[in-house]
J.: 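Provided herewith is a single structure, encoded as structure tokens, for subsequent inquiry.
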There are 2 protein chains.
Amino acid sequence: MFKKHPNPLKSSRLTEKAEDTRTRILNAALDLFRRKGFEQTTMREIAGEAGVSLGNAYYYFESKEALVMAFYERAYMELPSRVAASVAPATSLEQQLSAIINAKFAYFAPNRAFLGALFRHAADPGNPLSPFSAETRHIREADQEHFAQALKDSGMHVPKDLAAHLPKLLWLYQMGLILFWIYDRSPRQRGTAVLEKKSLALVVNGLKLIRLPILGSLRKRIVELVIAVEGEGGHDA
Amino acid sequence: MFKKHPNPLKSSRLTEKAEDTRTRILNAALDLFRRKGFEQTTMREIAGEAGVSLGNAYYYFESKEALVMAFYERAYMELPSRVAASVAPATSLEQQLSAIINAKFAYFAPNRAFLGALFRHAADPGNPLSPFSAETRHIREADQEHFAQALKDSGMHVPKDLAAHLPKLLWLYQMGLILFWIYDRSPRQRGTAVLEKKSLALVVNGLKLIRLPILGSLRKRIVELVIAVEGEGGHDA
């Protein structure tokens, strides 16, 4: 669905001037998506805002969807260092998970309304812009690595059969929080902060308990559930 | 947001002929939503399909959104007897919960694609057509009653603090399944059937275990989470 376009992140392939132009178009697009809304913004307006011709805008981005994908790719490049900085002072698993999630809220905060519009557009996992699509798999997997690292650093003992799926499950949990955040109408999204705090306490408590022999059948069912859903392939989680 | 319109369910307020006209318009609208899509269908087309004037269509339904709300209200009236029939042969809690959920899948199956379009339109709990909106509260609460009844019939012992919130939590779980179903691309939505089976086993297993004293802190955190999110009021769950 997305043609290979010049990628500014591989500087050998684009001149500095071309990189600047591409970045200017992307920034203009995000600015318009925030101010006017994703659906209401046209490629012509984006080109105008960036001070380039319509043809030039299309040379770098074949569609508004390609601009959104570039926005994702930018986050994919910029988030790891921010997550690392956010996680550094954390001393417990609960704090680490909170730091990972809060780094994302901070990063995406200026685009919260835009993400809401995008979710309406791309809730369907069949849509390339969905966080569950084949096209965003590398971003999803990189993000799950943050959770894998936090679990490893915590030294928490979780039985292997479940441990293998935990980064993905924690990522899904994070996506639920982000969805809640997108539609959170409470002042300064305080509702999301409360949900995050209370649900994280629950998650970490559950992780501590799940190794108990008496919860063995429950653990087995969680693992079976994850494997069955992945095996069906109806969704690309 | 929705003006009071003649309601065919209260027959004292509408003549039989008016009821027929209203039903014909609603059926024509649902047929067009299924065939053409919700966004692509106009009130003029709906009136044409129903064989009434545009003014007459607007007399009964002020907007396409009002037609969707009438579709919800129809389900609200028709579902309880179907759920009851579906639940009747069930002998375990797991079977009962499955019967409640499957009665809805069967009822909404002809409109599955339409519900997908609707979800894009109404994912925001601030939208009256959202299953989380103030306008659909009575439907949501009636639906939660099915789960309350199943829990009561099962005779399962769940500590009171959690039991009070279980119908709502099971309803939320059901909404997750429905969301998965809407986007399920597997043949005959087999993926959803697998997810339902595996997750129901997990839910019922969890319900059996949650009374254990060793899980007391976990249970307390679940209750705190539900209360905190409700108290924030950022969402009207």
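All chains are named by letter (A, B, ...) in the order of the sequence lines, taking the proteins before the strands, and each is independently numbered beginning at 1.
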J.: Let me know if A:Leu209 has heavy atoms under 4.5 Å from chain B in its side chain, its backbone, both or neither.
T.: side chain
J.: Would you say B:Lys152 has more than 12 foreign heavy atoms packed within less than 6.0 Å of its NZ?
T.: no
J.: Is it the side chain or the backbone of A:Ile182 that comes within 4.5 Å of chain B heavy atoms, both, or neither?
T.: neither
J.: Which atom pair, heavy atoms only, marks the closest approach of B:Val194 to A:Ala228?
T.: CG1-CB, 3.5 Å
J.: With side chains defined as the heavy atoms from C-beta onward, is the minimum distance between A:Leu215 and B:Leu215 less than 4.5 Å?
T.: yes
J.: Tell me, do B:Arg185 and A:Asp124 make a side-chain contact under 4.5 Å, heavy atoms counted?
T.: yes
J.: What pair of heavy atoms forms the shortest contact from B:Leu225 to A:Ser199, and how long is it?
T.: CD1-N, 3.7 Å
J.: Could you state the interatomic distance from CD1 (B:Ile214) to CD1 (A:Ile214), rounded to the nearest 0.5 Å?
T.: 7.5 Å
J.: For a quick test of reading the model, state the closest non-hydrogen atom pair linking B:Ser217 to A:Asn205 and the distance between them.
T.: OG-ND2, 3.2 Å
